[in-house]
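Index from 1, following the sequence. Side-chain atoms are counted along with the backbone in the values below, which use heavy atoms only and exclude waters and symmetry mates.
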Amino acid sequence: LWPWLLASSGLSALVQLVTLPFFPDSPSYLLIQKGNEEACRKAVRKLWGQGDHQAEIDDIMKEKAAMTSTKTLRVRELIKERSLRWQLYILMTVMTTLQLCGINAIYFYSFEVFHTAKFEEYLIPYVSLGVGLCECLSSILCTTLIDRFGRKVLLWGGYTLMCSVLALLTMTLSLQHQFFWMHYFSVVLIFLFVVFYGIGP
């Protein structure tokens with residue numbers, strides 16, 4: 001079953017490959033990159049129907065003007081630019097913490113935790129699939145929450161809850177041989193960690 005499941009992602013890629021030539025070009029791409037205003041108007045009419053779309057085209061023109069006045073920086077120039085230093089630090093911090101937050105360790109050791117929790121061998125792959133589904137659903141939920149609470153609140157809240165869950169998970173894994181119910185608590189914590197990861201970082 002797993003080889004077929006892994007191969008199924010190729011089906012969606014094939015559908016995209018076949019249908020991509022039939023998609024219209026983006027109006028902003030046609031106007032900003034290609035400089036073709038007539039093709040941009042045609043694309044706008046194709047996407048949004050007939051009508052007066054001058055306001056949208058004016059917005060794209062403003063974006064084009066802003067882009068032409070902005071200097072494109074090379075990597076070395078970006079690092080040396082003092083006005084962008086804090087943005088660069090924040091970006092590097094967010095990306096580093098995203099890689100070191102523990103999600104890979106959770107996925108790697110979840111099979112062992114499920115096995116220790118006395119799940120049947122044939123059920124463990126499906127429970128692992130449930131963990132991945134939790135991440136997918138929580139990421140979808142994040143798109144609705146980010147407009148309401150903002151990125152900063154979700155980042156702080158997500159990392160705080162993930163740290164708390166990891167601390168609890170360390171404790172439950174240490175005590176799993178003393179209390180039989182600790183195995184199941186560890187499984188719940190794994191699911192919670194993945195949910196908080198999907199909503200936060």
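Evaluation of the salt bridge (Lys or Arg N to Asp or Glu O under 4.0 Å) rule for Arg85 yields no partner, not counting sequence neighbours. Remark: Ser28 engages Ser26 in a side-chain hydrogen bond (donor to acceptor under 3.5 Å, both in side chains) (not counting sequence neighbours).
Side-chain contacts under 4.5 Å among hydrophobic residues (ILVMFWY), followed directly or transitively, place Tyr109 together with Phe108. Members clustered with Trp86: Tyr89, by chain and number, using a 4.5 Å side-chain heavy-atom cutoff among hydrophobic residues. Membership of the apolar cluster around Leu30 extends to Tyr29, as traced through chained side-chain contacts below 4.5 Å between ILVMFWY residues.
Taking both residues in full, the closest heavy atoms of Val194 and Tyr107 are given as CG1-OH, 4.0 Å, listed atom of the first, atom of the second, then distance. Summarising the geometry of Ile79 relative to Leu88, their closest heavy-atom pair is CA-CD2, 4.1 Å, with the distance given to 0.1 Å. Asn104 and Gln99 make their closest contact through ND2-O, 4.3 Å (heavy atoms, listed as atom of the first residue, atom of the second, distance). Gly200 and Arg151 get closest at one heavy-atom pair: O-NH1, 3.2 Å. Looking at every heavy atom in both residues, Asn36 comes nearest to Ala39 through OD1-N, 3.1 Å. For Leu169 against Ser186, the heavy-atom pair with the smallest separation is CD1-O, 3.7 Å.
The closest side-chain heavy-atom distance from Ile190 to Val165 is not below 4.5 Å. Side-chain contact between Glu56 and Pro27: absent, with no pair of heavy atoms (C-beta onward) separated by less than 4.5 Å. The side-chain heavy atoms of Phe196 and Leu154, taken from C-beta on, include no pair separated by under 4.5 Å. Here the side chains of Lys152 and Leu155 are not in contact, with every heavy-atom distance at 4.5 Å or above. Residues Met95 and Leu98 meet the side-chain proximity criterion, which asks for heavy atoms closer than 4.5 Å. Between Met182 and His177, every side-chain heavy-atom pair lies at or beyond the 4.5 Å cut-off. Looking only at side-chain heavy atoms (C-beta outward), His115 and His183 stay at 4.5 Å or farther from each other. Side-chain contact check for Phe193 versus Leu161: every heavy-atom pair is 4.5 Å or farther apart.
The only member of Trp181, Phe185, Tyr184, Phe179 that meets side chain to side chain contact (heavy atoms under 4.5 Å, CB included) when paired with Thr172 is Phe185.
Leu175 and Phe114 fall within a single hydrophobic cluster, where Ile, Leu, Val, Met, Phe, Trp and Tyr are joined by side-chain heavy atoms under 4.5 Å apart, directly or via other members. Residues Met171 and Ile106 fall within the same hydrophobic cluster, defined by Ile, Leu, Val, Met, Phe, Trp and Tyr side chains chained together at heavy-atom separations under 4.5 Å. No continuous path of ILVMFWY side-chain contacts below 4.5 Å connects Leu100 to Leu91, so the two sit in separate hydrophobic clusters. Trp156 and Leu192 sit in two unconnected hydrophobic clusters of ILVMFWY residues. Membership requires side-chain heavy atoms under 4.5 Å apart, directly or through other members. Residues Phe23 and Val15 do not share a hydrophobic cluster, clusters being chains of Ile/Leu/Val/Met/Phe/Trp/Tyr side chains in contact below 4.5 Å.
Looking at Thr97 and Tyr159, their side chains do bring a donor and an acceptor atom within 3.5 Å of each other. Looking only at atom types and distance, the side chain of Tyr126 has no donor-acceptor partner in the side chain of Glu120 under 3.5 Å away.
Note: Leu31 CG to Arg41 CZ = 9.0 Å, rounded to the nearest 0.5 Å. Note that CZ of Phe191 is 11.5 Å distant from OG of Ser138, once rounded to the nearest 0.5 Å. Atom CD of Glu81 and atom CD of Gln87 lie 9.5 Å apart (nearest 0.5 Å). How far CG of Asp25 is from CG of Leu47: 9.5 Å, rounded to the nearest 0.5 Å. Of the inter-residue distances, the one linking Cys134 atom SG with Ile199 atom CD1 reads 10.0 Å to the nearest 0.5 angstrom. Between the CG atom of Leu84 and the CD1 atom of Ile90 there is a distance of 11.5 Å, given to the nearest 0.5 Å.
The 12-atom threshold is not exceeded at CD of Glu112, counting heavy atoms of other residues, nucleotides or ligands nearer than 6.0 Å.
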Intermediate values then yes/no, side chain to side chain contact (heavy atoms under 4.5 Å, CB included), Phe119 and Val187: CA-CA 10 Å; Phe119 278 99; Val187 172; 3.8 Å; yes
Let's go through Lys46 and Lys42 carefully: what are the C-alpha distance in whole Å and the side-chain angles of both, what is the deciding distance for side chain to side chain contact (heavy atoms under 4.5 Å, CB included) to 0.1 Å, and is it a yes or a no? CA-CA 6 Å; Lys46 193 171 184 180; Lys42 283 182 182 177; over 6 Å; no
Let me see the working for Tyr197 and Cys101 under side chain to side chain contact (heavy atoms under 4.5 Å, CB included), right down to the final yes or no. CA-CA 9 Å; Tyr197 173 80; Cys101 69; 3.6 Å; yes
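Identified under the side chain to side chain donor-acceptor pair (under 3.5 Å) test for residues 6-24, with sequence neighbours left out: none.
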